[in-house]
Amino acid sequence: QVQLAESGGGLAQAGGSLRVSCAASGRRFDIYDMAWFRQAPGKEREFVAAVSRTGGTKYYAASVQGRFTIARDNAKNTVSLQMNSLKPEDAGVYYCAADSGFSPEHRASDYEYWGQGTQVTVSS
């Protein structure tokens, strides 16, 4: 089992940048694919980005491609999401998630462990 704790986030203006981080504790970190999801009020949780166990492969939702960067540090048991050129539609609660299996479609239901989430607000 792994425990996940997000930090960072906050308020940014449209066009600005924010960074969210996730610290993992418990079981070995490098056996999990890691991902970020987000959820806006009244909407379903949606995939944002994922990184493979070694960090060698990264996936992004089309809506954030070219603006967001996911990275992991297996020595520090952390994964981060750098968000640039923020848009109001990027606002929501951002969740860190871990998957010990294989989730090619990056469905939220495939991820076994979740953090508590951190709020990102983008003002227009």
Filter on salt bridge (Lys or Arg N to Asp or Glu O under 4.0 Å), then keep only pairs touching residues 111-121, sequence neighbours left out; what's left? none
Hey, could you give me each pair passing salt bridge (Lys or Arg N to Asp or Glu O under 4.0 Å) that has a residue in residues 53-63? Not counting sequence neighbours. Asp33-Arg53
Treat each ILVMFWY residue as a node, draw an edge where side-chain heavy atoms are under 4.5 Å apart, and state whether Trp36 and Val122 are in one component. yes
Would a hydrophobic clustering, with Ile, Leu, Val, Met, Phe, Trp and Tyr connected at side-chain separations under 4.5 Å, put Leu81 with Val93? no
Do Tyr111 and Val64 belong to the same hydrophobic cluster, where Ile, Leu, Val, Met, Phe, Trp and Tyr are linked whenever their side-chain heavy atoms lie under 4.5 Å apart, directly or via other members? no
Distance (rounded to the nearest 0.5 Å) between Ser25 OG and Gln1 CD: 9.5 Å
Just jot down the salt bridge (charged side-chain N to carboxylate O under 4.0 Å, His left out) partners of Arg38, sequence neighbours excluded, or say none. Glu46, Asp90
Check: Ile70 main-chain N/O paired with Tyr60 side-chain donor or acceptor under 3.5 Å: yes
Closest approach of Asp99 and Asp110, non-hydrogen atoms and distance? OD1-O, 3.2 Å
Residues passing the side-chain contact (heavy atoms from CB on, under 4.5 Å) test with Glu89, sequence neighbours excluded, are Lys87
Separation between CG of Leu86 and OG of Ser124, rounded to the nearest 0.5 Å: 12.5 Å
What pairs meet the side chain to side chain donor-acceptor pair (under 3.5 Å) rule with one or both residues in residues 9-19, with sequence neighbours excluded? Ser17-Asn84, Arg19-Ser80
Tyr32 vs Tyr113 aromatic rings, parallel, tilted or perpendicular, using cut-offs 30° and 60°? perpendicular
Trp114 vs Tyr95 aromatic rings, parallel, tilted or perpendicular, using cut-offs 30° and 60°? perpendicular
Suppose the criterion is salt bridge (Lys or Arg N to Asp or Glu O under 4.0 Å): which pairs have a residue in residues 115-124, not counting sequence neighbours? none
Atom CD of Glu44 with >12 non-hydrogen neighbours under 6.0 angstrom: no
With the 4.5 Å side-chain cut-off for hydrophobic clustering, are Phe37 and Leu4 part of the same group? no
